[in-house]
Amino acid sequence: MNLFSRSTSRRAVANAAPAVPPARAASGAVPDTGLAALTGEWIVDPAHSRIGFSVRHAMVSTVRGAFTEFESRLYFDGRDPRRSRAEVLLSTASVQTGVEQRDDHLMGRDFLDARTYPHIRFVSTAVDVAGPDVYRMIGDLTIRDITRPVVLELTYIGYVTDPFGYQRAGFDGTTTINRSEWGLTYNARLAEGGALVSEKVRLQFDIAAIRTVPAV
């Protein structure tokens, strides 16, 4: 897969990077044995996925954005989802909120400092089965070279083979972080005493994954 490619070709799927090192298993509910067919390596399809965020602004509105360039390495174990693992690398310079001036500010030194820290990385360390089609993926999130653990709540959406022969699986995931814990401390105070930008940021993963195939 080409670094930060926004399109997914059969060649890209065939030559996807190998799975990341195994994550430790965590205790949890008994997985659905019907998921065994999904066992294997996958990548996130950038054309049909969204890795985004939302944050309260001026206490009365919500700003939503997304990172449009990323690459991924995934392994799903349908027989024992606790052995699944994932790694996602985002380009900080690809952040988009729909307002160019705001995007430039987010990429600047007050926030992501994209020139100094070009990537945000998530690497899973454990997976727990929370219930039917629901998982908790624990992992390390690195922003501005600060790494802290997060817990991603994942819901399995379904599995299909599309008209082009790709095997696809869908997952929705969310987690909420305190941005100041990753050095994102810029803020301004309002006349009423509140903060211009909330400390809490909700991360959202709307994932369409494609199974990789052996190179021929």
task: Please state whether the rings of F171 and Y156 are parallel, tilted or perpendicular, taking 30° and 60° as the class boundaries.
output: tilted
- prompt: Would one find more than 12 heavy atoms of other residues, nucleotides or ligands at under 6.0 Å from atom CZ of R115?
  reply: no
- prompt: For the residue pair S198 and R179, what are the closest heavy atoms and their distance?
  reply: O-NE, 2.9 Å
query: Can you tell if the side chain of T176 reaches within under 4.5 Å of the side chain of V201, non-hydrogen atoms only?
result: no
- prompt: Only one of R148, K200, R144 clears salt bridge (charged side-chain N to carboxylate O under 4.0 Å, His left out) with E181; which?
  reply: R148
Side-chain (S124) to main-chain (A86) donor-acceptor, under 3.5 angstrom: yes
- request: Might you point out which heavy atoms bring A208 and S49 nearest each other, and give the distance in Å?
  value: N-OG, 2.9 Å
- prompt: Just how far is it from atom CD of Q96 to atom CG of L106, taken to the nearest 0.5 Å?
  reply: 11.5 Å
message: Within the 4.5 Å heavy-atom criterion, are F67 and I120 side-chain neighbours or not?
response: yes
Candidate pair T174 and R202, rule side-chain contact (heavy atoms from CB on, under 4.5 Å), full reasoning: CA-CA 7 Å; T174 62; R202 185 169 182 259; 3.2 Å; yes
Shortest non-hydrogen separation from V129 to P81 and the atoms involved: CG2-CB, 4.2 Å
- request: Show your working on side-chain contact (heavy atoms from CB on, under 4.5 Å) between V151 and M137 and close with a plain yes or no.
  value: CA-CA 6 Å; V151 179; M137 178 173 281; over 6 Å; no
task: Examine I146 and F111 and state if one hydrophobic cluster contains both, with Ile, Leu, Val, Met, Phe, Trp and Tyr joined whenever side-chain heavy atoms are less than 4.5 Å apart.
output: yes
field: S54 (side chain) donor-acceptor with T62 (main chain) under 3.5 angstrom
entry: no
field: Test log, rule salt bridge (charged side-chain N to carboxylate O under 4.0 Å, His left out), inputs E87 and R121
entry: CA-CA 7 Å; E87 180 176 354; R121 184 186 300 271; 2.3 Å; yes
task: State the CZ-OG1 distance between R85 and T125, to the nearest 0.5 angstrom.
output: 13.0 Å
Atom of S72, atom of V44 and distance for their closest heavy-atom approach: OG-N, 2.8 Å
statement: For E69 and S94 the tightest heavy-atom approach is N-OG, 3.2 Å
- prompt: Should the ring pair Y135 and F76 be called parallel, tilted or perpendicular, given that the plane angle runs from 0 to 90° and is split at 30 and 60?
  reply: perpendicular
task: For residues F53 and V95, determine if any side-chain heavy atom of one lies less than 4.5 Å from a side-chain heavy atom of the other.
output: yes
query: Sub-3.5 Å donor-acceptor pair from the side chain of T39 to the main-chain atoms of G78, do we have one?
result: yes
query: Taking the side chain from S84 and the backbone from D77, do they hold a donor-acceptor pair closer than 3.5 Å?
result: yes
task: Enter the distance from L112:CG to H105:NE2 here, rounded to the nearest 0.5 Å.
output: 10.5 Å
field: Same apolar cluster: V134 and V150, side chain cutoff 4.5 Å
entry: no
field: Stepwise side-chain contact (heavy atoms from CB on, under 4.5 Å) test for L141 and L203
entry: CA-CA 11 Å; L141 178 65; L203 305 181; 4.0 Å; yes
task: Report the distance from atom CE of M107 to atom CG of D113, rounding to the nearest 0.5 Å.
output: 11.5 Å
query: So W42 and Y159, would you call those rings parallel, tilted or perpendicular, with 30° and 60° as cut-offs?
result: perpendicular
query: Would you say the side-chain atoms of D45 pair up with the backbone N or O of A47, donor to acceptor, closer than 3.5 Å?
result: yes
task: Starting at CG of D172, measure out to CD1 of I157 and round the result to the nearest 0.5 Å.
output: 4.0 Å
- request: Would you indicate whether the side-chain heavy atoms of E41 and R211 approach each other to under 4.5 Å?
  value: no
- line: Rounded to the nearest 0.5 angstrom, the CD1-CD1 distance for I43 and I207 is 11.5 Å
query: What pair of heavy atoms forms the shortest contact from G173 to L152, and how long is it?
result: C-CD1, 3.8 Å
message: For a side-chain contact (heavy atoms from CB on, under 4.5 Å) check, start with the C-alpha distance between I177 and W182, then their side-chain angles and the critical distance, and finish with the verdict.
response: CA-CA 9 Å; I177 66 171; W182 281 267; 3.6 Å; yes
